[in-house]
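Chain naming here is simple, since letters A, B, ... match the order of the sequence lines and numbering starts at 1 in each.
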2 protein chains.
Amino acid sequence: MSTTSAATLDSIFSALADPTRRAIVARLATGEATVLELAAPFDISLPAISRHLKVLEHAGLISRGRDAQRRPCQLRAEALDEITRWTLHTREAWSDRFERLDDYLKTLQSKPRKVKNRNDRKKK
Amino acid sequence: MSTTSAATLDSIFSALADPTRRAIVARLATGEATVLELAAPFDISLPAISRHLKVLEHAGLISRGRDAQRRPCQLRAEALDEITRWTLHTREAWSDRFERLDDYLKTLQSKPRKVKNRNDRKKK
DNA sequence: CGTATATTTAACCATTACGTTAATTAGCTA
DNA sequence: TAGCTAATTAACGTAATGGTTAAATATACG
């Protein structure tokens, strides 16, 4: 465990799928905080917060230190970066597909699909 | 409803938390595809794929057209942009916190780690 | 018409996720 | 030591998720 960041995209995405956990992450983006501090804004029990933190930690989104009986949490931005990387990469592929738009349009013409209204003027 | 993306971050993140759905999204990033085409690489049943697609559609990540009995799916990149926006924004806040590093270091000095004799009798 | 193809819906089952309250551990402080 | 404070673990209920098979729907084709 220790400084593990073998966290999967699965665990990172699903950690961030919960609004409470996203709020915690957003809060931690401004600096580290203890469990009680993180719990304060929410209307749920401390054990629930504790489990949210465990999920975040498992996803590599936070790490925890120790200060007496407190366990201050810290954001690990690399996990965020992983999300960004995947998303931007996918987005880029999506944009790139327009490179083949010409071919695509030609395909449309040479292979007439079952279009009933064939009077549509394909603009090229 | 229609093609509006009132989809929440919750639904987008949790849609992408599943590896099958991420693979589908990645596939769709290269261009539209039918349900059968999307299902081909996977070892799960068609109904399962169908439900994955519904989740993605609900999250605003895909839209579906109609071509005879086929329902071609298309990626809606705006949903991807939304998570990029959230993630980068959060990441930025994390980086920005170093702006206050000087203050923070001063705080550390004036208030050494083990603060035993704090005179704050403040109660909440 | 009847059949094939593409996809969805229904009904069901196992597992996971998220919340609760009560009890427990850990570390200070008097 | 006892008694705080901080946080976690235990035990439990309920709802959501992800998979299955069987049946239903929609459209095209001969």
Asks: Counting heavy atoms from C-beta on, name the nucleotide in D:dG18, C:dG19, D:dT9 closest to the side chain of A:S50.
Replies: D:dT9
Asks: Please identify each residue that fulfils salt bridge (Lys or Arg N to Asp or Glu O under 4.0 Å) with A:R71, with sequence neighbours left out.
Replies: none
Asks: Among residues at least two apart in sequence or on other chains, which ones pass ring-ring contact (aromatic ring centres under 6.0 Å, His included) with B:W94?
Replies: none
Asks: Should B:R64 be listed as having a side-chain N or O under 4.0 Å from OP1 or OP2 of C:dT8?
Replies: yes
Asks: Do any N or O atoms from the side chain of B:T30 and from the backbone of B:A26 form a donor-acceptor pair under 3.5 angstrom?
Replies: no
Asks: When the distance from CZ of B:F42 to P of C:dT7 is rounded to whole Å, what number comes out?
Replies: 15 Å
Asks: Return the value, rounded to whole Å, for the distance between atom CD1 of A:I49 and atom C1' of C:dT21.
Replies: 16 Å
Asks: Within the pair B:S45 and D:dG19, is there a side-chain N or O less than 4.0 Å away from OP1 or OP2?
Replies: no
Asks: Okay, side chain of A:T90, backbone of A:W86: is any donor-acceptor separation there less than 3.5 Å?
Replies: yes
Asks: Can you name the residues that form a side-chain hydrogen bond (donor to acceptor under 3.5 Å, both in side chains) with A:R70, not counting sequence neighbours?
Replies: none
Asks: Applying ring-ring contact (aromatic ring centres under 6.0 Å, His included), which residue pairs with at least one partner in residues 35-66 of chain A are found, sequence neighbours left out?
Replies: none
Asks: Would you please name every residue forming a salt bridge (Lys or Arg N to Asp or Glu O under 4.0 Å) with A:R64, sequence neighbours left out?
Replies: A:E57
Asks: Rounding to a whole Å, what distance do you find between B:D10:CG and C:dC18:C1'?
Replies: 13 Å
Asks: Rounded to whole angstroms, how far apart are CD1 on A:I44 and P on C:dC18?
Replies: 10 Å
Asks: Without swapping roles, check the side chain of A:T87 against the backbone of A:I83 for a donor-acceptor pair under 3.5 Å.
Replies: yes
Asks: Tell me, please, which residues at least two apart from A:R27 pass salt bridge (Lys or Arg N to Asp or Glu O under 4.0 Å).
Replies: none
Asks: Name the residue closer to the 5' end of DNA chain D, choosing between A:T34 and B:V55 according to the nucleotide with the nearest heavy atom.
Replies: A:T34
Asks: Pick out the pairs of N or O atoms, protein on one side and nucleotides 23-26 of chain C on the other, that lie under 3.5 Å.
Replies:
unit_1 : atom_1 : unit_2 : atom_2 : d
C:dA26 : O3'    : A:R66  : NH1    : 3.3

Asks: Counting only side-chain nitrogens and oxygens, does B:K54 get under 4.0 Å of the OP1 or OP2 atom of C:dT7?
Replies: no
Asks: Mind calculating the distance between CG (B:L46) and P (D:dA23) to the nearest angstrom?
Replies: 17 Å
Asks: Could you state the CG-C1' distance from B:D67 to D:dT27, rounded to the nearest angstrom?
Replies: 11 Å
Asks: Measuring from the side chain of A:V35 (C-beta onward, heavy atoms only), which nucleotide among C:dT20, D:dG19, D:dT8 has the closest atom?
Replies: D:dT8
Asks: Between the base of C:dG27 and the side chain of A:R70, is there a donor-acceptor distance below 3.5 Å?
Replies: no
Asks: Measure from CZ on B:R51 to P on D:dT17 and round the result to the nearest Å.
Replies: 9 Å
Asks: Return the residues of residues 15-24 of chain A meeting this criterion: a heavy atom under 4.0 Å from some atom of DNA chain C. Order them by number, or give none.
Replies: A:D18, A:R21
Asks: Applying salt bridge (Lys or Arg N to Asp or Glu O under 4.0 Å), can you list everything that pairs with B:R21, at least two apart in sequence or on another chain?
Replies: none
Asks: So, does A:H52 get its side chain near the phosphate of C:dG19, meaning an N or O under 4.0 Å from OP1 or OP2?
Replies: yes
Asks: Whole angstroms only, please: what is the CD-P distance between A:E37 and D:dA6?
Replies: 10 Å
